[in-house]
Amino acid sequence: MLIIGSHVSFNKKDGLLGSLEESLSYGANTFMFYTGAPQNTIRFPIDEEITNKAIEKMKENNINLDNIIVHAPYIVNLANNNEEDKYNFSINFLKQELDRCKKIGIKYMVLHPGSHVGLGVDVAIKNIINGLNIILEDSSTMILLETMAGKGTEVGRNFEELKKILDGVENKEKIGVCLDTCHLNDAGYDLSNFNNVLEKFNNIIGIDKIKCIHINDSKNILGSHKDRHENIGYGTIGFDNLLSVIYNEKLDNIPKILETPYIDDIPPYKEEIEMIKNKKFKDNLK
Ligand code: FE
Ligand code: FE
Ligand code: ZN
């Protein structure tokens, strides 16, 4: 079954119910959200009543809570421990995020592995593993490490780096991977032959570790290490290549999440989801 949705907002007033209603308006059957602004630490308490109402409404709409994804904020960085207090802040903040996930019943939280900022990849990987082992000690939510574009000093820009991190994590049931098509392209994985990319992934990590896929086109060419998302079919990956990911039979039932840019301040997700469902590109979106 195709599980498709987009990034949606999550605000204090409407909580999970607001996120659900937004995604229903897009014709989605899943969604992803930040539990607060990704660039700051202000977090409001999870409202149990609203959450329960949302879960009730999900059932009515055949939406499985297990497919709903939280994205960790991007102010945290587990890769660099140059400043001890910043590193500890990242660990503690992610622990709090996982608590919030638990309160809602979220199964998966996507996390960027981090940037080494000059420390080098090997030290960074040790830092990430150490942090994850503390964070995942008593977590009921699984952390999905996202495949990165390799912008700046980002770690996780290839399957080998992700594999090293996964190998060091003790709680294996609580660690997985989130593919991002824009990041894969920018990292140098050619999605015009996605089966080949998937085979590589399977040989190094194992397909069973993929629990979420971010579906984005890219503004930049293969291997550019840039990370700028483009609307579906308007970028260098192209509509058909994205469909080959979305409809790959080995990735059936895995939540696919759009993180494409707004067009003239308007979310494009209803139209993009429609194109994906119809398997037909519309060139008048922008
Ligand atoms: Fe991300
Ligand atoms: Fe992403
Ligand atoms: Zn990105």
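In what follows, every heavy atom counts, from backbone to side chain, and hydrogens, waters and symmetry copies are set aside. Both ligands and their constituent atoms are indexed starting at 1 by order of listing. Each residue takes its place number in the sequence, starting with 1.
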- prompt: Can the ring centres of Phe159 and Tyr189 be said to be less than 6.0 Å apart?
  reply: yes
- request: Check whether any N, O or S atom of His183 sits under 2.8 Å from the Zn ion (ligand 3).
  value: yes
message: Assess the residue pair Lys103 and Glu48 against the criterion (salt bridge (charged side-chain N to carboxylate O under 4.0 Å, His left out)); give the C-alpha distance rounded to whole Å, side-chain angles, the decisive distance to 0.1 Å, and a yes or no.
response: CA-CA 8 Å; Lys103 283 207 175 91; Glu48 219 177 298; over 6 Å; no
Asp190 and Ser192: side chain donor to acceptor below 3.5 Å: yes
message: Quick check on the Fe ion (ligand 1): does Asp180 put an N/O/S atom closer than 2.8 Å to it?
response: no
query: Is there an N/O/S atom in His229 that lies less than 2.8 Å from the Zn ion (ligand 3)?
result: yes
- request: Quickly, which of Phe44, Tyr34, Phe31 forms a ring-ring contact (aromatic ring centres under 6.0 Å, His included) with Phe10? Name it, please.
  value: Phe44
query: For the rings on His229 and His183, is their centre-to-centre separation under 6.0 Å?
result: yes
- request: Please state whether the separation between the Fe ion (ligand 1) and some N/O/S atom of His71 is under 2.8 Å?
  value: yes
- line: So the angle subtended at the Fe ion (ligand 2) by His214 atom ND1 and Glu259 atom OE1, rounded to 10 degrees, is 80°
- request: Could you tell me the separation between the CD1 atom of Ile125 and the CG atom of Leu166, rounded to the nearest 0.5 Å?
  value: 10.5 Å
message: Using the Fe ion (ligand 1) as the vertex, how large is the angle between NE2 of His112 and OE1 of Glu146, rounded to 10 degrees?
response: 90°
task: Measuring from the Zn ion (ligand 3), name the closest N, O or S atom belonging to Asp227.
output: OD1
